[in-house]
Amino acid sequence: MQKISTSNAPSAIGPYSQGMVVNGVVYTSGQIPAIPATGEIAGETIAIQAKQVMENLGGVLQAGGSDYDAVFKTTCFLADMADFVAFNEVYATYFPNCPARSCVAVKTLPKNVLVEVEAIGLVK
Ligand SMILES: C=C(N)C(=O)O
């Protein structure tokens with residue numbers, strides 16, 4: 001079991017690692033749209049926040065020896081299901097291979113962001 005630590009994704013904002021590698025599988029923590037260098041939240045729209053989340057996810061995946069195309073499952077958390085279509089437009093550009101996914105709306109997310117995504121992928 002190996003902890004992932006990278007400057008290409010935001011530092012954890014609580015008692016968790018950015019991700020873990022276990023038996024050739026990368027498990028990312030939920031990524032929020034924080035800018036890795038500053039920790040500030042990127043933008044106020046779902047499009048901008050979703051893109052930052054996906055970039056952060058890529059940073060964790062890469063640090064764990066994986067990549068977008070090796071992801072087989074994601075879980076997506078939205079603060080408002082009204083953002084579903086706009087979120088999907090961004091998401092699909094990163095996951096054209098359509099891994100298995102669950103997408104739910106939750107009451108609130110850390111730092112009041114609009115979206116959080118976690119992923120599980122194979123080490124390449
Ligand atoms: C942002 C998170 N992944 C958390 O608070 O667990």
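For ligands, and for the atoms within them, numbers begin at 1 and follow the listed sequence. Quick caveat: nothing in here was measured; it's all calculated off a predicted structure. Any value given below was found using the heavy atoms of this structure, including those in side chains, with hydrogens, waters and symmetry copies removed.
Not close to ligand 1: Glu118, with no non-hydrogen atom less than 4.0 angstrom away.
Side chain of Gln31 to main chain of Ser29: a donor-acceptor pair is present (N/O by atom type, distance under 3.5 Å, no hydrogens or angles).
Within ligand 1, the atoms closer than 4.0 Å to a non-hydrogen atom of Gly30 are 1 (C), 2 (C), 3 (N), numbered from 1 in the order shown. Per-residue contacts place Glu116 under 4.0 angstrom from the following atoms of ligand 1 (heavy atoms of the residue considered): 2 (C), 3 (N).
Annotation: atom 4 (C) of ligand 1 to nearest protein heavy atom, Tyr16 CE2, 3.3 Å.
Annotation: salt bridge (charged side-chain N to carboxylate O under 4.0 Å, His left out) contacts of Asp80 (sequence neighbours excluded): none. With sequence neighbours left out, the side-chain hydrogen bond (donor to acceptor under 3.5 Å, both in side chains) criterion links Tyr91 to Thr74.
Ring-plane geometry between Phe95 and Tyr68 is classed as perpendicular, the angle between the planes exceeding 60 degrees on a 0 to 90 degree scale with a lower cut at 30.
Within a 6.0 Å radius of CD in Glu55, more than 12 heavy atoms belonging to other residues, nucleotides or ligands are found.
Residue-to-ligand polar distances keep Ile13 apart from ligand 1: every N/O pair is separated by 3.5 Å or more.
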